[in-house]
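Everything on this sheet refers to the single structure shown next.
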Amino acid sequence: MRFLPVSLNALLVELADLDQTLALLASLQREPLPGVLELVPAARTILVQFSPSATDTARLVRAIAARDLSQQVRRGGTLVEIPVRYDGEDLAEVAQMLGITREELVRRHTGSAYSVAFVGFAPGFAYLSGGHESLDVPRRATPRTRIPAGAVGLAGRFSGVYPQASPGGWQIIGTTPLAMWDLERPVPALLQPGFQVRFVDIATLSEAARAELERPGAQKHMKPAAPMAAAGPALEVRSPGLLTLLQDLGRPGQAGQGVSASGALDQGACRTANRLVGNPSDAACLETVGGGLRLASRGDTVVAVTGADAPLTLTNAAGARWSVPRYQPLALADGDLLAIGEPAAGTRCYVAARGGFGVAPVLGSRSTDTLAHVGPPALAAGDVLALCPVARGAVVGGAELPQGDLPSVHEDVVLDVVPGPRADWFTPEALELLARQRWRVTPQSNRVGLRLAGEVPLARAITQELPSEGTPTGAIQVPASGQPVLFLADHPLTGGYPVIACVAPHHLDRAGQIPVNAWVRFHPIRPFEAIES
């Protein structure tokens, strides 16, 4: 057992094989450790995220190292059959790689049982272990930018089904019409850890069975949360700007279904906006990027805008127009129009409205996960957001609240980082380069992550393929190009590229406010220290 540093509130437990991983996971689920918030299992690791106020790394290492890993984990009795149309674009290439015919590849894939080892990468994406021992193939050298929903793939000894269209590097051998993820089910993920899975060739099914699979509506799709009808005070979206989403503090605790926490990228700004209007701090806000959001008040409302340093203007029904301050409650009369301009520093503003927005939660949160497509859709012009009744005892305003240190394109943004968990996969020169070199934030950045570009790429000392493992928000993952990606709130739960370092928790809000074309520097706050046990 090996313990690798991840961040100030997370560590990675590395084990010998999948059986040990599942044994430790079962032990930690059966007898939870105080302070542990989330467990993200993978092929040979478990990411342990914890509350530093309740425990610490040393205490967790001692407790986890003492766990018995000799017990065999019992598999669940549930069997799920997945019909597959073996028409994948990599089918012929994989068969050639293995030295067999396409027909033999299909026979081997359908002839053995799989079991769900863990769920990650995307909601409902199950890593299936078992199968024919010969089906061991590497990921594609260059990941595809889009793989269709229902694609059946191979990577290493694992098989899996993409629940939705997404980027990916697995070898695609077929497709299934069966929905892996459906929010209308009591448990949205079709496949749960421990389930048994068998693939079935659609070509071998009866004509009636094939017709039923192809019937319109047989494959359900994700259904976004819809806003409530506005019977009282509301905000009408006149313009959504570049992108405006509903975000709260996220949906932690859903890793078992492959769902990341998501949530506001600047959680401090979201909390503050809610406090200013008298809402609970975990209520949903509007997160808008780059300015351009215009909201019209229907009835009398109270709002507050925090986050990026953007100009605010208010226009009343008579046409009078004036500037209004950020970080203060604003009373809007019926017909008033609030407009947010382009930020001078930071990139995301947060708008809270007294009473909160009348949108039903999805898996316990009103946040929109842009990668997983969980939560309400992005706002569009003409949307009307109903406001909930004001809670009794709610107090608007209060003492002056902090505005935070906002990054801009005019000066380097410095982020504290903790080296690891795969710092030892890189050359010593790469570790030094990570901290010494400036990294430009590219236009390909979004809520999933900041794509960074440096003059000199980071070189790896270990070039073999890394089995997928848990990745927290703030992870700095380095693909084969050597140009890092800093994961933000909507990142996948697991990833197959090594993580050289992670942004410290106290700088995650700052990372979420970094604009495109800004320069970033990383400041290691402690050395890389793996612990063997």
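Below, each value reflects all heavy atoms present in this structure, side chains not excepted, and no hydrogens, waters or symmetry copies. As the structure is a prediction and not an experimental result, all values here were calculated from the model.
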Within a strict 4.5 Å, meaning less than it, do heavy atoms of the [X] and [Y] side chains meet?
X: Leu452; Y: Pro484; result: yes
X: Leu265; Y: Gln247; result: no
X: Arg271; Y: Leu249; result: yes
X: Leu235; Y: Val303; result: yes
X: Val374; Y: Ser262; result: no
X: Leu286; Y: Leu385; result: yes
X: Val36; Y: Leu28; result: no
X: Leu47; Y: Glu469; result: no

Does a sphere of radius 6.0 Å around CZ in Arg451 hold more than 12 heavy atoms from other residues, nucleotides or ligands, not counting ones at 6.0 Å or beyond?
no
Counting only heavy atoms not in Arg321 (residues, nucleotides, ligands), do more than 12 fall under 6.0 Å from its CZ?
no
Let me see the working for Thr370 and Asp490 under side-chain hydrogen bond (donor to acceptor under 3.5 Å, both in side chains), right down to the final yes or no.
CA-CA 6 Å; Thr370 58; Asp490 291 356; 2.7 Å; yes
Take Arg294 and Thr315 through the test side-chain hydrogen bond (donor to acceptor under 3.5 Å, both in side chains) and record every step on the way to the result.
CA-CA 10 Å; Arg294 294 191 300 143; Thr315 305; over 6 Å; no
Can you name the nearest heavy-atom pair linking [X] to [Y], along with the distance?
X: Pro329; Y: Val302; value: CB-CG1, 4.2 Å
X: Val499; Y: Cys502; value: CG1-SG, 3.9 Å
X: Cys388; Y: Gly355; value: CB-O, 3.2 Å
X: Pro343; Y: Gly291; value: CD-N, 3.9 Å
X: Leu246; Y: Ala284; value: CD2-CB, 4.1 Å
X: Ala518; Y: Ser408; value: CB-O, 3.9 Å

Could you measure the distance from the [atom1] atom of [X] to the [atom2] atom of [Y]? Nearest 0.5 Å is fine.
X: Phe118; Y: Thr45; atom1: CZ; atom2: OG1; answer: 7.5 Å
X: Ser7; Y: Leu508; atom1: OG; atom2: CG; answer: 7.0 Å
X: Tyr350; Y: Thr306; atom1: OH; atom2: OG1; answer: 8.0 Å
X: Ile340; Y: Leu293; atom1: CD1; atom2: CG; answer: 4.5 Å
X: Phe357; Y: Leu387; atom1: CZ; atom2: CG; answer: 6.0 Å
X: Cys285; Y: Leu245; atom1: SG; atom2: CG; answer: 12.5 Å

What orientation do Tyr127 and Phe125 show, parallel under 30°, tilted 30 to 60°, or perpendicular over 60°?
perpendicular
Over 60° means perpendicular and under 30° means parallel, so tell me whether Trp170 and Tyr162 are parallel, tilted or perpendicular.
perpendicular
Do Val418 and Ile525 pass the side-chain contact (heavy atoms from CB on, under 4.5 Å) test, and can you show the C-alpha distance, the side-chain angles, and the key distance before you say yes or no?
CA-CA 6 Å; Val418 176; Ile525 58 176; 4.2 Å; yes
Strictly below 4.0 Å, N to O, side chains only: are Arg348 and Asp266 in salt-bridge contact?
no
For side-chain contact (heavy atoms from CB on, under 4.5 Å), just list the numbers for Thr368 and Glu287, CA-CA rounded to whole Å, side-chain angles, deciding distance to a tenth of an Å, and then say yes or no.
CA-CA 10 Å; Thr368 299; Glu287 179 187 271; over 6 Å; no
Would Gln164 and Ser166 satisfy side-chain hydrogen bond (donor to acceptor under 3.5 Å, both in side chains), going step by step from the backbone distance to the final call?
CA-CA 6 Å; Gln164 62 191 29; Ser166 66; 5.8 Å; no
Kindly indicate, with the supporting measurements, whether the criterion side-chain contact (heavy atoms from CB on, under 4.5 Å) is fulfilled by Leu314 and Leu312.
CA-CA 7 Å; Leu314 188 61; Leu312 308 181; over 6 Å; no
Full working for side-chain contact (heavy atoms from CB on, under 4.5 Å) between Leu434 and Val478:
CA-CA 11 Å; Leu434 177 71; Val478 185; over 6 Å; no
